[in-house]
Amino acid sequence: MLSRPRRNRKSEAIRNMVQENYLTVHDLIFPMFVVEGENQKIEVASMPGIYRYSLDLLLQEIGECVSLGIKSFCLFPALPDERKDKYATECTNKDGLYLRALAAIKNQFPEVALMTDVAMDPYSSDGHDGLVSDEGEILNDETLEILGKMALAQAEAGADIIGPSDMMDGRVQHIRQVLDQHGFSHVSIMSYTAKYASAYYGPFRDALDSAPKFGDKKTYQMNPANSKEALIEATLDEQEGADFLMVKPALAYLDIIKLLKDNTNLPVTAYNVSGEYAMVKAAAEKGWIDSEKVMLETLLSMKRAGADAILTYFAKEVATLLKE
Ligand code: PBG
């Protein structure tokens, strides 16, 4: 036998020497949920270990994460029904929960990279990412107007990275133009480039109570059967001025992460979504898998596929482990 690949696996020293990919704390972006009120810490039933925090406790939690070395956060608002309407008007309310929270985080932790979510669903009484017509269609260009205002308000509140997750056509260009026209050319855009119409978002919609009130999101989110379409989206996002391209979900779409990585010079990020988190936690609760090992292996597989950073609800757990 000429080649014996096992020689490069024979000891930990050699395995470490030839290891190609690593997961580090710098790879992690922690998605977090904020709710109104004070002293609130409400667990998401389908995401054990993940909470909706009121702003006071959120700031404490971010402080803990920062001391563990996490420097990037992505914030989502969990709003009560009375704040939601057809036009998502709450999204530009400076005194509202979300914009106040962004400002408070940046004020207390100026060094963190704070990412936002741009889409109508957290604020929409229809539970859709775009504006819904009387006929139940999602109106693309009318939605862009709202998304532009939403992104601008977030930039004004101090966001570092705007994260359009809505999948409307032309939204990156529109947001880029609005930001630039208002003196926010330094604010980045991480586009949800290849966002699939996925059943893995279920627990997230529980967290925000944001499930669509009718229909599904298939006229704007991508068909899980397709990969060429991801390249079309990637090309457009690049041309429109995105700074990062994201693939979402991550685990069932490792091929898409790799595809984008091979076809762009921009950083590619992956969103290890709520359902991926829930599956690991549920199986571990049953004692069927080792949650820590599966978590690390899963996230490492995303790095191997080409992800430069990963949005993951495991962020704090990973950072804690890596610090030990
Ligand atoms: C909505 C949005 C969703 C997620 C992030 N932004 C859900 C959806 O599109 O319905 C999902 C994140 C997750 O599942 O962790 N704009």
Side-chain angles (χ1 to χ4, degrees), residues 28-34 44-52 73-79 84 88 90-91 98 115-132 138 140 143-144 146-147 150-151 154 159 161-168 171-172 175 189-224 233 244 246-253 269-282 295 298-299 302 307 309-316:
L28 307 170
I29 305 171
F30 196 5
M32 300 182 88
F33 305 117
V34 63
V44 181
S46 46
M47 302 176 75
I50 294 297
Y51 302 87
R52 286 167 289 206
F73 299 87
C74 180
L75 192 66
F76 296 93
L79 295 170
K84 302 185 183 184
E90 177 67 14
C91 75
Y98 193 60
M115 173 171 166
T116 65
D117 180 56
V118 170
M120 287 176 65
D121 56 329
Y123 317 92
S124 156
S125 45
D126 292 312
H128 275 284
D129 294 19
L131 185 61
V132 182
I138 308 298
N140 194 90
T143 300
L144 294 186
I146 297 169
L147 300 178
M150 188 184 304
Q154 296 171 353
I161 304 173
I162 302 294
S165 67
D166 55 283
M167 290 305 278
M168 296 302 119
R171 88 265 210 219
V172 171
I175 291 169
I189 298 178
M190 184 184 294
S191 179
Y192 286 63
T193 297
K195 177 171 178 181
Y196 286 87
S198 169
Y200 282 98
Y201 307 149
F204 174 95
R205 294 176 189 170
D206 294 343
L208 261 56
D209 191 19
S210 65
K213 293 290 181 311
F214 64 89
D216 52 40
K217 298 192 175 184
K218 289 181 185 169
T219 69
Y220 45 106
Q221 298 180 351
M222 290 171 47
N223 182 346
E233 292 284 0
F244 312 78
M246 188 208 290
V247 175
K248 174 179 176 197
L251 187 53
Y253 298 85
T269 59
Y271 199 142
N272 174 224
V273 299
S274 57
E276 299 171 51
Y277 176 87
M279 290 195 305
V280 174
K281 290 293 173 191
M295 163 182 84
T298 303
L299 295 170
M302 294 163 193
I310 306 169
L311 289 103
T312 178
Y313 302 98
F314 289 117
K316 190 180 181 192

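Start at 1 and go down the list; that is how both ligands and their atoms are numbered.
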Close-range residues for ligand 1, whose non-hydrogen atoms fall below the 4.0 Å threshold = F76, D117, A119, D121, D129, S165, K195, Y200, Y201, F204, R205, K217, Q221, K248, Y271, V273, S274, Y313
Donor-acceptor pairs under 3.5 Å, side chain of residues 269-276 to any protein atom, not counting sequence neighbours: which ones?
residue	atom	partner	partner atom	Å
Y271	OH	Y313	OH	2.7
N272	OD1	T312	OG1	2.7
N272	ND2	E276	OE1	2.8
S274	OG	Y200	O	3.2
S274	OG	F204	N	3.0
E276	OE1	L251	N	3.1
E276	OE2	A250	N	3.0
E276	OE2	V273	N	3.1

ask   = Residues two or more places apart in sequence or in another chain: which of them pass salt bridge (charged side-chain N to carboxylate O under 4.0 Å, His left out) with K281?
value = E317
key: salt bridge (Lys or Arg N to Asp or Glu O under 4.0 Å) partners of residues 116-128, not counting sequence neighbours, each pair once   = K86-D126, D121-K217
message = Measuring centre to centre across the rings, with the benzene-like ring taken for any Trp, is Y51 within less than 6.0 Å of F33?
response = no
query = Heavy atoms, side chains only, cut-off 4.5 Å: are P164 and M190 in contact?
reply = no
key: Flag, side chain of K195 to backbone of M167, donor-acceptor distance under 3.5 Å   = no
